[in-house]
2 protein chains.
Amino acid sequence: MSLTFEGVLADRSTWRLDNCSIGKSMDVIGTRSSMLILREAFYGTTRFDDFARRTKMTDAIVAARLRELTGIGLFAKRAYQVPGRRSRYEYILTEKGRDLVPAVFALMQWGKKHLQGEDGGPLRLVERGTGEPVMIGPRTVSGRDLDLEDLAIVAHGDWAGPQSG
Amino acid sequence: MSLTFEGVLADRSTWRLDNCSIGKSMDVIGTRSSMLILREAFYGTTRFDDFARRTKMTDAIVAARLRELTGIGLFAKRAYQVPGRRSRYEYILTEKGRDLVPAVFALMQWGKKHLQGEDGGPLRLVERGTGEPVMIGPRTVSGRDLDLEDLAIVAHGDWAGPQSG
DNA sequence: CTCCTAGCTATAGGATTTGATAGCCAGAAC
DNA sequence: GTTCTGGCTATCAAATCCTATAGCTAGGAG
């Protein structure tokens with residue numbers, strides 16, 4: 001019914017997660033506005049006004065989030081200039097930002113299945129070119145899809161005490 | 001640099017995401033406390049007191065979240081009784097709850113790479129039995145791993161107007 | 001030199017989230 | 001009975017998130 005803890009972790013009463021990666025991630029990007037801005041960035045949006053209009057959020061919060069996410073390193077600012085207009089900045093995803101693709105699309109996959117109507121909403125995520133359906137989930141590097149029961153958590157060899165994970 | 005929109009979606013200026021699945025998902029489970037409770041449930045926790053102690057959150061918030069998540073249908077309450085104690089309820093993940101495994105572990109994977117120290121923290125997610133490393137990300141049903149550039153969004157055949165996705 | 005606009009900044013207020021602390025309640029132990 | 005305990009509920013205060021509204025500012029257009 002759940003995943004497995006191996007080695008020194010097997011007895012869960014002996015350790016505690018003090019600064020787990022999930023909590024840290026949620027502290028950093030755990031807001032609706034951050035997720036929607038990331039969605040837009042994945043969709044190709046780079047400019048302030050487009051973020052605001054497409055997410056239907058106010059200028060204030062878009063500005064605050066872009067500043068925050070840029071500060072964290074999910075976006076890099078890059079100058080651009082439309083001919084006849086003055087120079088502005090656009091927001092380009094860094095690798096750190098792009099690495100959130102699994103998290104954001106996993107949320108989309110879940111919402112599509114469980115929160116939208118019967119058909120899962122009008123949009124589908126597919127492979128470019130082939131149109132093959134795309135799924136997000138855990139798998140081994142050799143390509144096996146895994147369920148929760150197939151997962152295990154192990155400690156690094158030099159683990160010293162209950163800290164993060 | 002981003003994903004592709006195909007068919008009627010190709011011109012992004014003609015449509016808008018009004019109730020996208022990502023926003024809906026964040027409305028429902030987009031809190032740190034929800035994610036930590038789900039983490040614990042994936043780790044095998046089922047009882048109120050264990051949720052509270054393991055997540056280090058207060059009783060009040062754990063109770064509020066469990067009630068909320070149960071109401072949404074992520075948990076089902078099941079009576080249990082330790083011999084010599086009175087009957088209580090424990091919180092069992094439903095399929096809807098278990099379907100959040102990709103989202104939660106994707107956050108864990110990201111935090112591990114980008115927010116923890118150099119080694120990514122002391123814990124690793126592996127396949128039970130083999131110990132093979134586990135990754136979370138988008139792939140086709142036939143097993144190809146995909147990058148952001150390989151993804152495309154298409155509309156259902158009977159799509160009528162700009163709504164969700 | 002004045003107007004216009006994209007891209008922000010400032011402020012005020014409400015809703016939500018969280019922590020801290022305290023209290024309740026039903027049954028088992030005695 | 002009375003006490004004890006697991007499993008909650010209630011209340012208060014602080015922080016965060018979001019909306020709404022208004023204003024600023026640097027350059028191009030005229």
Side-chain angles (χ1 to χ4, degrees), chain A residues 13 18-20 22-41 45-72 75-92, chain B residues 13 18-20 22-41 45-72 75-92:
Chain A
S13 67
D18 282 1
N19 62 346
C20 106
I22 298 166
K24 282 188 169 187
S25 297
M26 285 302 288
D27 287 343
V28 169
I29 50 150
T31 63
R32 186 185 142 93
S33 52
S34 292
M35 288 293 179
L36 293 184
I37 284 184
L38 282 168
R39 177 201 75 190
E40 273 311 306
T45 299
T46 60
R47 296 180 189 179
F48 182 88
D49 225 44
D50 289 330
F51 280 115
R53 274 187 298 108
R54 293 235 162 81
T55 61
K56 292 192 171 169
M57 298 189 298
T58 60
D59 293 2
I61 193 143
V62 171
R65 280 301 153 261
L66 284 175
R67 201 177 330 121
E68 189 182 310
L69 295 177
T70 302
I72 294 165
F75 287 104
K77 286 171 77 168
R78 186 177 66 185
Y80 75 96
Q81 189 163 17
V82 176
R85 300 263 174 81
R86 70 178 154 139
S87 172
R88 291 287 181 185
Y89 288 100
E90 58 188 346
Y91 299 86
I92 309 295
Chain B
S13 66
D18 282 1
N19 62 346
C20 104
I22 298 166
K24 283 188 169 189
S25 297
M26 286 302 288
D27 286 343
V28 169
I29 50 148
T31 61
R32 187 185 139 92
S33 52
S34 292
M35 289 292 180
L36 293 185
I37 284 185
L38 282 168
R39 176 202 76 190
E40 273 311 307
T45 299
T46 60
R47 296 180 189 180
F48 182 88
D49 225 45
D50 289 331
F51 280 114
R53 275 187 298 108
R54 293 236 160 79
T55 61
K56 291 190 170 171
M57 298 188 301
T58 59
D59 293 1
I61 191 137
V62 170
R65 279 304 151 260
L66 284 176
R67 200 175 332 121
E68 190 181 312
L69 296 177
T70 301
I72 295 165
F75 288 103
K77 286 170 80 168
R78 188 177 64 185
Y80 75 96
Q81 188 163 18
V82 175
R85 300 264 174 80
R86 69 178 157 142
S87 170
R88 292 288 181 183
Y89 288 100
E90 58 188 346
Y91 299 87
I92 309 295

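A, B, ... follow the sequence lines: proteins, then strands. Residue 1 opens every chain. Computed from a predicted model, the values in this text were never measured in an experiment.
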### Query
Do A/I37 and A/S34 pass the side-chain contact (heavy atoms from CB on, under 4.5 Å) test, and can you show the C-alpha distance, the side-chain angles, and the key distance before you say yes or no?
CA-CA 5 Å; A/I37 284 184; A/S34 292; 5.9 Å; no

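Following rounding to the nearest Å, A/F48 (CZ) and D/dT25 (C1') show an atom-to-atom distance of 14 Å. For the pair B/I37 CD1 and D/dC8 C1', the interatomic distance rounds to 13 Å; values are reported in whole Å. The CG atom of A/L69 sits 14 Å away from the C1' atom of D/dC17 (whole-angstrom rounding). Atom pair B/E90:CD and D/dC8:C1' shows a separation of 16 Å (rounding to whole Å applied). In this entry the distance linking CZ of B/R54 with C1' of D/dG7 reads 16 Å, nearest Å. Counting to the nearest Å, the C1' atom of D/dG7 and the CZ atom of B/R78 are 17 Å from each other. For the pair B/M35 CE and C/dT18 P, the computed distance is 11 Å after rounding to whole Å. Distance A/D50 CG to C/dC8 P: 12 Å, rounded to the nearest Å.
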### Query
How does protein reach along nucleotides 19-30 of chain C, written 5' to 3' as B (base within reach of a heavy atom under 4.0 Å), S (only sugar-phosphate), or - (no contact)?
SB----BBSSS-

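Side-chain contact annotation: B/E40 with B/T45, donor-acceptor N/O pair under 3.5 Å present.
Toward the 5' end of DNA chain D, the nearer of the two residues B/Y80 and A/D27, judged by each one's closest nucleotide, is B/Y80.
In this structure, CD in A/Q81 is found 11.5 Å from OH in A/Y89, a value given to the nearest 0.5 Å. One finds the CZ atom of B/R65 at 11.0 Å from the CG atom of B/L38 (value rounded to the nearest 0.5 Å). The CZ atom of B/R67 sits 8.5 Å away from atom OH of B/Y91, with the distance rounded to the nearest 0.5 Å. Taken from CE in B/M57 to CG in B/D59, the straight-line distance is 10.5 Å, to the nearest 0.5 Å.
In terms of the side-chain hydrogen bond (donor to acceptor under 3.5 Å, both in side chains) criterion, B/R39 has no residue partners (sequence neighbours excluded).
If you check every strand for non-hydrogen atoms under 4.0 Å, B/R65 touches sugar and phosphate atoms only. Within the nucleic acid shown, A/R53 has no heavy atom closer than 4.0 Å to any nucleic acid atom.
Geometrically, B/R85 does not engage B/Y80 in a cation-pi contact defined by less than 6.0 Å to the ring centre and at most 45° from the axis.
Under the 4.0 Å criterion applied to side-chain N and carboxylate O atoms, A/D27 and A/K24 are not assigned as salt-bridge partners.
OP1 or OP2 of D/dC8 sits under 4.0 Å from a side-chain N or O of B/Y91. Here A/T31 does not reach the OP1 or OP2 of D/dC17: none of its side-chain N or O atoms lies under 4.0 Å away.
The terminal axes of the helix from C/dC1-D/dG30 to C/dC30-D/dG1, fitted over 5 pairs per end, subtend an angle of 0° to the nearest 10°.
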